[in-house]
Amino acid sequence: MKSIPFNDYYKEKLFSIPLFKELPDYLKSEILKRLDFRLQEINENTVILEQGDICCNLYVLLEGTLEVNIIDANGNEVLIEHIESPRLRHPSPVQERQPFPATFRTLEKSVLLTATKDSTFHLISKYPDMLKSFLCVSGNCNVCTTMRLDVLSRKTIRERILVYLLKQLDKDTSTVKLTHTLTQLAEYINVTRPALSTEFNKMEKEGILKRKEGNYIELNRKAIKGII
C-alpha cells in the first residue's frame, strides 16, 4: 500500500457514494475539513481486512474491486460478494470493538479511503442529515445480508440458483447478467461446481432459463412460479 494525494477526481468519487451523495454542499465542505482520512493505492490480490479484525475506521473503495470471503465453521472459504467501487464499509455505532465478519481482498489495483471512527461519528452526531444518511446505508447493508441468508435457506440447488438470479433482476425485465463465475457462484450458494453446472443444464433443457452471450441469463418467470 502507498499513500496518494486526495484530488478533485477522488473528491467526486467520494461524494458519489450514497452516504454523502445527497448531502448539502455546506456539509460536504465540513466533511472534507473535519473527517480525518487518508488515501491509499493498493496492489492486486492484497488482503486489506481479515475476518476477525477490529473495525475502527470508515472504509471507502474509490477505485477497483474487492472480493469478500468468510471462513465457515468447517474451515472452508466461502465467497460472499464482489464489491465494485465506489462503495463503503462503515463501522457500527453500536459496538465499540466490532470485528469484521469477512476477509476483503483486492481483485485489481484499487484505491481505498480510510477515515477514523472518531471523526466519522463526530460528523454523524453533529449533523442530522449525516445521521439520516448513515442509517439508510446501514439498512441497505442489512438487506444484502438478508438476501444471502434467503438463498442459503433454500433446500435444493435449483431453488438456491433461482432465488439468487431473481434477486438480481430489475422489476421490468426477465434477463440478468451473471457477475460471478460458475465457480464463484457455487461457493456463494454453498454447492459444488459440478452440481451447479448439472442443475443449470437441467433447467435450460426444461425451459426454465436460457443462457446467452455475455453471461446473460433469461428467466422463464412463469415456469419459476411453480418452483419457488
Side-chain angles (χ1 to χ4, degrees), residues 18 47 49-53 55 61 65-85 87-90 92 94-95 98-105 107 135-228:
V47 173
L49 295 162
E50 289 198 55
Q51 184 174 336
D53 284 351
C55 179
L61 182 69
T65 306
L66 300 181
E67 181 181 84
V68 184
N69 296 283
I70 64 169
I71 303 299
D72 65 17
N74 296 317
N76 300 312
E77 188 175 70
V78 179
L79 177 69
I80 298 298
E81 64 173 328
H82 285 138
I83 295 179
E84 303 282 348
S85 62
R87 177 94 172 267
L88 85 120
R89 174 64 171 89
H90 57 76
S92 167
V94 178
Q95 294 180 305
Q98 180 189 21
F100 275 99
T103 294
F104 297 74
R105 178 186 290 107
L107 292 180
L135 292 174
C136 288
V137 171
S138 297
N140 289 337
C141 290
N142 290 335
V143 169
C144 294
T145 301
T146 301
M147 182 182 80
R148 179 84 198 286
L149 292 174
D150 189 12
V151 170
L152 294 179
S153 69
R154 307 293 170 152
K155 293 182 178 180
T156 68
I157 297 175
R158 178 168 297 194
E159 288 175 331
R160 290 186 181 187
I161 294 171
L162 293 177
V163 169
Y164 168 81
L165 293 175
L166 286 172
K167 288 182 179 295
Q168 312 302 315
L169 281 179
D170 292 329
K171 291 183 179 179
D172 300 323
T173 182
S174 295
T175 303
V176 60
K177 182 176 176 63
L178 190 63
T179 56
H180 292 93
T181 66
L182 287 185
T183 298
Q184 292 167 340
L185 180 57
E187 293 175 358
Y188 184 85
I189 67 174
N190 202 25
V191 300
T192 66
R193 169 70 166 75
L196 181 72
S197 295
T198 298
E199 195 58 46
F200 260 113
N201 291 334
K202 287 181 179 178
M203 287 193 288
E204 192 158 25
K205 288 180 181 179
E206 296 172 23
I208 297 171
L209 57 79
K210 183 177 181 181
R211 285 176 283 193
K212 297 185 172 183
E213 291 184 3
N215 283 337
Y216 285 94
I217 297 176
E218 183 178 349
L219 299 175
N220 183 339
R221 287 180 178 270
K222 186 175 180 181
I224 291 173
K225 284 182 179 179
I227 301 171
I228 299 176

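Taking Thr65 as the reference, Glu84, Glu108 meet the side-chain hydrogen bond (donor to acceptor under 3.5 Å, both in side chains) condition, with sequence neighbours excluded. Under the side-chain hydrogen bond (donor to acceptor under 3.5 Å, both in side chains) criterion, Glu50 pairs with no residue at all, not counting sequence neighbours.
Counting only distance, with no hydrogens or angles, the side chain of Arg105 and the backbone of Glu67 share no donor-acceptor pair below 3.5 Å. Between the side chain of Thr103 and the main chain of Gln51, a donor-acceptor pair closer than 3.5 Å is present. No side-chain donor-acceptor contact under 3.5 Å links Arg154 to the backbone of Glu159. In this structure a side-chain-to-backbone donor-acceptor pair under 3.5 Å is missing from Arg193 to Leu185.
Summarising the geometry, atom CD belonging to Gln168 is positioned 12.5 Å from atom OG1 belonging to Thr173; distances are rounded to the nearest 0.5 Å. Taking OH of Tyr216 as the start and OG1 of Thr175 as the end, the distance is 9.0 Å to the nearest 0.5 Å. With rounding to the nearest 0.5 angstrom, the CD1 atom of Ile224 is 7.5 Å from the CG atom of Leu165. Taking CG from Leu219 and CE from Met203, the interatomic distance works out to 8.5 Å, rounded to the nearest 0.5 Å. Atoms CD and CD1, on Glu199 and Ile161 in that order, are 5.5 Å from each other to the nearest 0.5 Å.
Residues Glu204 and Ile217 fail the side-chain proximity criterion, which asks for heavy atoms closer than 4.5 Å.
The heavy-atom pair separating Ala195 from Ile157 by the smallest distance is CB-CD1, 3.6 Å. Minimum interatomic distance between Leu61 and Ser85 (heavy atoms only, all atoms of both residues): O-CB, 3.4 Å. Listed here is the closest heavy atom pair of Val68 and Ala102: CG1-CB, 3.5 Å.
Around NZ of Lys155, the count of heavy atoms belonging to other residues, nucleotides or ligands within 6.0 Å does not exceed 12.
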Pair Leu169, Leu166 - check side chain to side chain contact (heavy atoms under 4.5 Å, CB included), show working.
CA-CA 5 Å; Leu169 281 179; Leu166 286 172; 3.8 Å; yes

Start with the C-alpha distance between Leu178 and Tyr164, add both sets of side-chain angles, then the distance that settles side chain to side chain contact (heavy atoms under 4.5 Å, CB included), and finish with yes or no.
CA-CA 10 Å; Leu178 190 63; Tyr164 168 81; 3.8 Å; yes

Under the side chain to side chain contact (heavy atoms under 4.5 Å, CB included) criterion, do Leu162 and Ile208 qualify, and how do the steps go?
CA-CA 9 Å; Leu162 293 177; Ile208 297 171; 4.1 Å; yes

